[in-house]
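Notes follow the structure.
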Amino acid sequence: MDRWGSRGTLAHDLGDEGEPYHWDELRRARLRAESDARFLHLYGISAEEAGYIPETFQSESEGLKNNKIAESGE
């Protein structure tokens with residue numbers, strides 16, 4: 001018996017017979033960029049101000065902006 005008991009999975013109970021969700025890193029990055037852009041616009045944050053925001057998040061090694069640049073290879 002699984003954690004849902006004899007009923008099976010919640011998705012199955014709701015009629016979903018499809019495959020499990022497939023994680024797509026590129027799609028996730030695109031969706032995050034789109035939502036970030038919408039929030040920046042909503043709050044009236046300029047492109048210059050938006051470039052500064054990641055610099056305010058620091059880690060022990062480097063800032064978030066530098067880590068993301070290194071990750072993407074730019």
Side-chain angles (χ1 to χ4, degrees):
M1 187 181 295
D2 61 20
R3 69 183 236 175
W4 298 105
S6 60
R7 297 178 302 135
T9 66
L10 178 61
H12 179 74
D13 289 348
L14 295 174
D16 184 355
E17 299 293 332
E19 293 293 317
Y21 178 78
H22 174 72
W23 187 267
D24 182 344
E25 194 64 41
L26 245 58
R27 180 174 183 269
R28 180 177 182 270
R30 187 173 46 254
L31 291 173
R32 282 187 65 187
E34 290 174 5
S35 66
D36 287 350
R38 288 186 177 113
F39 279 107
L40 293 170
H41 179 74
L42 178 67
Y43 286 101
I45 297 172
S46 71
E48 184 179 326
E49 293 167 324
Y52 170 74
I53 292 171
E55 294 173 8
T56 65
F57 294 92
Q58 297 294 318
S59 65
E60 288 187 20
S61 60
E62 293 184 56
L64 177 64
K65 181 179 180 180
N66 293 335
N67 291 342
K68 289 297 178 185
I69 290 171
E71 246 179 47
S72 67
E74 293 180 16

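Just so it is clear, the structure is predicted and the values come from calculations on it, not from any experiment.
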Roughly how far apart are [X] [atom1] and [Y] [atom2], rounded to 0.5 Å?
X: Asp36; Y: His41; atom1: CG; atom2: NE2; answer: 14.5 Å
X: Arg32; Y: Arg27; atom1: CZ; atom2: CZ; answer: 14.0 Å
X: Leu42; Y: Ser35; atom1: CG; atom2: OG; answer: 12.0 Å

Heavy-atom neighbours of Glu34 CD exceed 12 at 6.0 Å: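 Yes, the 6.0 Å shell around CD holds more than 12 heavy atoms from other groups.
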Whether over 12 other heavy atoms sit under 6.0 Å from Leu26 CG: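 Incorrect, the count does not exceed 12.
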Heavy-atom side-chain proximity of Glu49 to Ile53 below 4.5 angstrom: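 They are not in side-chain contact.
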Contact check, side chains of Arg28 and Leu31, non-hydrogen atoms, under 4.5 Å: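 Arg28 does not reach Leu31 side chain to side chain.
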Heavy-atom pair of closest approach, residues Ile45 and Ala50: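 Taking every non-hydrogen atom into account, CG2-N, 3.7 Å.
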